[in-house]
A.B. asks: 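A single structure is presented below for examination.
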Protein chains: 2
Amino acid sequence: MTQQRQIILEELRQVNSHPSADEVYEMVRKRLPRISLGTVYRNLEILSELGEIQKLELGGDLKRFDRNPIKHYHIRCMRCGRVDDAPIAPLNQIENELYGATVYTIIGHRLEFEGLCPQCSKTPGKS
Amino acid sequence: MTQQRQIILEELRQVNSHPSADEVYEMVRKRLPRISLGTVYRNLEILSELGEIQKLELGGDLKRFDRNPIKHYHIRCMRCGRVDDAPIAPLNQIENELYGATVYTIIGHRLEFEGLCPQCSKTPGKS
DNA sequence: GTGTTATCAGTAATAATTACTAAAATTAAT
DNA sequence: ATTAATTTTAGTAATTATTACTGATAACAC
Ligand SMILES: [Mn+2]
Ligand SMILES: [Mn+2]
Ligand SMILES: [Zn+2]
Ligand SMILES: [Zn+2]
């Protein structure tokens, strides 16, 4: 566990949001001004493989990171990209419904809600 | 409806797969060798806004297109990226469970299964 | 047909992520 | 503690999907 890896983990654990790699980079940079973006990417990857954090591949065009490594669902704002936890119980049986109905070996599932966050709900819908 | 748009639609309707923009480009190129990739992107976007097709934003790092514009779920191979329809009934009530429990205005949801396709299930798991 | 508008091909620009490399830091072995 | 082996880093370059731009062309309206 290098200094960089430790601080990346600490910073991610301090936020409730679901930051992108670049956002983590900006956070960490305040404590380690010389860290490079590649190091952030690499360590976020390693930390998620270690089960310390979770890498999220949601809709939108960037990956996000979650301080909570336990599987759970999310809701994402379609306008600004903000992501929050979706407080809903995991659908533990859902994969069984698919069993026998697909040629795939089922490994997991992902449920993601789409909507508008409070800020974006207010703004007159210019889309 | 230009010739290009028509042919893009026809080609997409001929496949059961869920091709990326680049794959559609390669398909269409056989009939329109001078078409440009930008035209394919633009028309796929327009066709999905018209409700003729569907744009899929699944996991993985590229968008895919579906000849079926009706909302349904998918399963994606974690190794090779192949995507198939997940034959499971839509969870019509699921968004109600979230109502009142989130600050978001809920607009929709997406359910995606992950697994291994038959080909990738066979291959000795080098990962 | 003539004029108006939308679309096209080709190319350049973005943006997220990954790959590469020599130097520095960490770890393991003496 | 010193040395040797291994891993990680900073910095930079490369990749990849997608979007933006632009002058030329095609579709459409009258
Ligand atoms: Mn979360
Ligand atoms: Mn489909
Ligand atoms: Zn928002
Ligand atoms: Zn596969």
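All chains are named by letter (A, B, ...) in the order of the sequence lines, taking the proteins before the strands, and each is independently numbered beginning at 1.
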A.B. asks: Generate the contact string for nucleotides 21-30 of chain D. Rules: B means base contact, S means sugar-phosphate contact only, - means no protein heavy atom under 4.0 Å.
C.D. replies: -------S--

A.B. asks: Under the rule for salt bridge (Lys or Arg N to Asp or Glu O under 4.0 Å), what residues qualify as partners of B:Glu112, not counting sequence neighbours?
C.D. replies: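 Salt bridge (Lys or Arg N to Asp or Glu O under 4.0 Å) check on B:Glu112 returns A:Arg110, B:Arg76.
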
A.B. asks: Only counting residues at least two apart or in another chain, list the ones meeting ring pair (Phe, Tyr, Trp, His ring centres under 6.0 Å) with A:Tyr73.
C.D. replies: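 Ring pair (Phe, Tyr, Trp, His ring centres under 6.0 Å) list for A:Tyr73, sorted by chain: A:His109.
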
A.B. asks: Please report the distance, rounded to the nearest Å, between CD in B:Glu45 and P in D:dT18.
C.D. replies: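 Value for this atom pair: 11 Å.
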
A.B. asks: Quick one: hydrophobic cluster around A:Leu116, which other residues, with the 4.5 Å side-chain cut-off, linked directly or via members?
C.D. replies: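 Noted: A:Leu116 shares its cluster with A:Met78, B:Ile107.
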
A.B. asks: Got a sec? Which of residues 8-40 of chain B come in under 4.0 Å of DNA chain C, heavy atoms?
C.D. replies: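 Of all residues in residues 8-40 of chain B, the ones placing a heavy atom under 4.0 Å from DNA chain C are B:Arg34, B:Ile35, B:Ser36, B:Thr39.
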
A.B. asks: With a cutoff of under 4.5 Å between side-chain heavy atoms, which Ile, Leu, Val, Met, Phe, Trp and Tyr residues group with B:Val83?
C.D. replies: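 Same cluster as B:Val83: B:Leu56, B:Leu58.
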
A.B. asks: Return the nearest nucleotide to the side chain of A:Tyr41; candidates are D:dT18, D:dT8, C:dT18.
C.D. replies: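 Per side-chain heavy atoms of A:Tyr41, the pick is C:dT18.
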
A.B. asks: Please give me every residue in residues 48-63 of chain A whose heavy atoms get under 4.0 Å of an atom in DNA chain C, ordered by residue number.
C.D. replies: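 Heavy-atom cutoff 4.0 Å gives A:Asp61, A:Leu62, A:Lys63.
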
A.B. asks: Would you mind listing every ring pair (Phe, Tyr, Trp, His ring centres under 6.0 Å) that reaches into residues 76-102 of chain B, with sequence neighbours excluded?
C.D. replies: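 For residues 76-102 of chain B, and leaving out neighbouring residues, there are no ring pair (Phe, Tyr, Trp, His ring centres under 6.0 Å) pairs at all.
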
A.B. asks: Taking the side chain as everything from C-beta on, heavy atoms only, tell me whether A:Asp85 gets closer than 4.5 Å to A:Asp66.
C.D. replies: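 A side-chain contact under 4.5 Å exists here.
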
A.B. asks: If a pair satisfies ring pair (Phe, Tyr, Trp, His ring centres under 6.0 Å) and one of its residues is in residues 23-71 of chain A, list it, with sequence neighbours excluded.
C.D. replies: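 Sorted result for residues 23-71 of chain A: empty, none.
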
A.B. asks: Using the ring pair (Phe, Tyr, Trp, His ring centres under 6.0 Å) criterion, which residues pair with A:His74? Sequence neighbours excluded.
C.D. replies: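 Here the qualifying residues are A:His18, A:His72.
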
A.B. asks: Restricting to salt bridge (Lys or Arg N to Asp or Glu O under 4.0 Å), what partner residues turn up for A:Glu57, sequence neighbours left out?
C.D. replies: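 A:Glu57 satisfies salt bridge (Lys or Arg N to Asp or Glu O under 4.0 Å) with no other residue.
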
A.B. asks: Going by the rule side chain to side chain contact (heavy atoms under 4.5 Å, CB included), which residues pair with A:Pro118 if we only count those two or more places apart in sequence or in a different chain?
C.D. replies: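 Applying side chain to side chain contact (heavy atoms under 4.5 Å, CB included) to A:Pro118 gives A:Arg82, B:Val103.
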
